[in-house]
There are 2 protein chains.
Amino acid sequence: MFSKACQYAIRATVLIAMEGRNGRRMSLVDIAQSTGSPPAFTAKVLQQLARAGILDSTKGPNGGFDLTPAKARKVKLSMVVKAIDGDDVYKGCGMGLPQCNAKKPCPLHDHFQQVRDDLRRMLEGTDMHTLSLGLDAGTTYLKR
Amino acid sequence: MFSKACQYAIRATVLIAMEGRNGRRMSLVDIAQSTGSPPAFTAKVLQQLARAGILDSTKGPNGGFDLTPAKARKVKLSMVVKAIDGDDVYKGCGMGLPQCNAKKPCPLHDHFQQVRDDLRRMLEGTDMHTLSLGLDAGTTYLKR
DNA sequence: TCTAATTCGGATAAAACTATCCTAAATTTG
DNA sequence: CAAATTTAGGATAGTTTTATCCGAATTAGA
Ligand code: FES
Ligand code: FES
């Protein structure tokens, strides 16, 4: 469904949002540690998110990545997915035709569109702040 | 969502199912032509499907790939997807944790599970015969 | 039986994705 | 100002996916 890069991006952003609720910033190594993702590769992913304006980064001692609760409420899952994988997964044709087009639909169109639009609504309606709530409550986990 | 190989597989299988309704077989080059997919690569994909028992192949003159209407009704989309991409897309964790596990869920679990299960139900409930019906009716298309 | 058509399988190559490493730049702290 | 910390960015590898090519095997038909 999502690429590894995108899954790392989601895990990291949710974690940073949780830490942001305590007014803290997180360093790359802590993020990689807590999400069980490869540090160097995760660095690239976080840089993409920072460039996309999805999270803020600070260099130097006590630097790292952060996301204020106010901003975390505005950052939807769809924005993270789009920044890393593009929006094809929740907007494209399921059978790979150049564009989904109801006027000239693929055989799967009617069946697929429903599921895909549910996915799109879910991604566009879910924000990072919400996803981060279960983490320190101990009801959800970022790695196993 | 699905890999290119899997999209080619779906397009090809639907087409073969349509031709099967007329009791005909289709050759690789005709399939590649009608679905707009690269012939050599499509060959590999079709071989996988044949090995998986999803469609039948015949060598020699007038050979090709075929799928009887009776069998096309039994071949679900999920079988094609699983044969090419595996079942992770409709069974795995959205954030990439090793397994989706409701006892130790990722932050996305509740949101994602619904969409993913809708996808699974759609894939498991849609058969190739049904998908092929619109093709010769001219209401659906395999390429643009 | 010979030939042509066609899939099968292996080898190979190109592109994309995943991953690592190293140096530069920025920032805090002493 | 110097040193330490931390992200940024470029270079480079390894792996997987996508794609092509070619010869072998099989089969229909002349
Ligand atoms: S045309 Fe294929 S999903 Fe709409
Ligand atoms: S644990 Fe992640 S989707 Fe179920």
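Numbers restart at 1 for each chain; the letters A, B, ... are given by sequence-line order, proteins then strands.
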statement: Taken to the nearest 0.5 Å, the spacing of B:Ser57 OG from B:Ile16 CD1 works out to 10.0 Å

- prompt: What residues, two or more places apart in sequence or in another chain, satisfy side-chain contact (heavy atoms from CB on, under 4.5 Å) together with A:Lys71?
  reply: A:Asp56, A:Leu67, A:Thr68, A:Val75

query: Would you say B:Arg51 reaches C:dG9's phosphate, i.e. side-chain N/O to OP1/OP2 under 4.0 Å?
result: yes

- request: Kindly write out the residues that satisfy salt bridge (Lys or Arg N to Asp or Glu O under 4.0 Å) with A:Arg121, not counting sequence neighbours, or none if the list is empty.
  value: A:Asp118

Side chains of residues 84-92 of chain A: which donor-acceptor partners sit under 3.5 Å, not counting sequence neighbours?
{"unit_1": "A:Asp85", "atom_1": "OD1", "unit_2": "A:Ser3", "atom_2": "OG", "d": "2.6"}
{"unit_1": "A:Asp85", "atom_1": "OD2", "unit_2": "A:Ser3", "atom_2": "N", "d": "3.0"}
{"unit_1": "A:Asp85", "atom_1": "OD2", "unit_2": "A:Ser3", "atom_2": "OG", "d": "3.4"}

message: Would you say that B:Met18 contacts A:Pro107 through its side chain, given a criterion of any heavy-atom pair below 4.5 Å between the two side chains?
response: no

- prompt: Taking A:Arg11 for the side chain and B:Met95 for the main chain, is one N or O donor matched with an acceptor at less than 3.5 Å?
  reply: yes

- prompt: Quick one: how far along DNA chain D does chain B reach, first to last nucleotide 5' to 3', anything under 4.0 Å to a heavy atom?
  reply: D:dT18 to D:dA28

- request: Can you sort out which residues in residues 87-99 of chain B have a heavy atom within less than 4.0 Å of DNA chain C? Ascending by number, please.
  value: none

Listed pairs under 3.5 Å, donor-acceptor, residues 36-52 of chain B side chains, sequence neighbours left out:
{"unit_1": "B:Ser37", "atom_1": "OG", "unit_2": "B:Thr35", "atom_2": "OG1", "d": "2.4"}
{"unit_1": "B:Thr42", "atom_1": "OG1", "unit_2": "B:Pro38", "atom_2": "O", "d": "2.7"}

- prompt: Who are the salt bridge (Lys or Arg N to Asp or Glu O under 4.0 Å) partners of B:Asp30, not counting sequence neighbours?
  reply: none

task: Can you sort out the partners of A:Lys104 under side-chain contact (heavy atoms from CB on, under 4.5 Å), two or more places apart, ordered by chain and number?
output: A:Asn101, B:Tyr141, B:Arg144

Below 3.5 Å, can you tabulate the donor-acceptor pairs from side chains in residues 129-140 of chain A to any protein atom, sequence neighbours excluded?
{"unit_1": "A:Thr130", "atom_1": "OG1", "unit_2": "A:Asp127", "atom_2": "OD1", "d": "3.1"}
{"unit_1": "A:Thr130", "atom_1": "OG1", "unit_2": "A:Asp127", "atom_2": "OD2", "d": "2.9"}
{"unit_1": "A:Ser132", "atom_1": "OG", "unit_2": "A:Arg21", "atom_2": "NH1", "d": "2.6"}
{"unit_1": "A:Ser132", "atom_1": "OG", "unit_2": "A:His129", "atom_2": "O", "d": "2.8"}
{"unit_1": "A:Asp136", "atom_1": "OD1", "unit_2": "A:Arg21", "atom_2": "NH2", "d": "2.8"}
{"unit_1": "A:Asp136", "atom_1": "OD2", "unit_2": "A:Arg21", "atom_2": "NH2", "d": "3.1"}
{"unit_1": "A:Thr139", "atom_1": "OG1", "unit_2": "A:Gly134", "atom_2": "O", "d": "3.3"}
{"unit_1": "A:Thr140", "atom_1": "OG1", "unit_2": "A:Leu135", "atom_2": "N", "d": "3.4"}

- request: Pull out every residue in residues 23-36 of chain A that has a heavy atom closer than 4.0 Å to any atom of DNA chain C, ordered by number, or say none.
  value: none

query: Going by the ring pair (Phe, Tyr, Trp, His ring centres under 6.0 Å) test, which pairs reach into residues 106-126 of chain B, not counting sequence neighbours?
result: none

- prompt: What does nucleotides 18-30 of chain C look like as a protein-contact string, B for base, S for sugar-phosphate only, - for none, at under 4.0 angstrom between heavy atoms?
  reply: BBB-----BBB--

task: Indicate yes or no: at least one non-hydrogen side-chain atom of A:Glu19 is less than 4.5 angstrom from one of A:Arg24.
output: yes

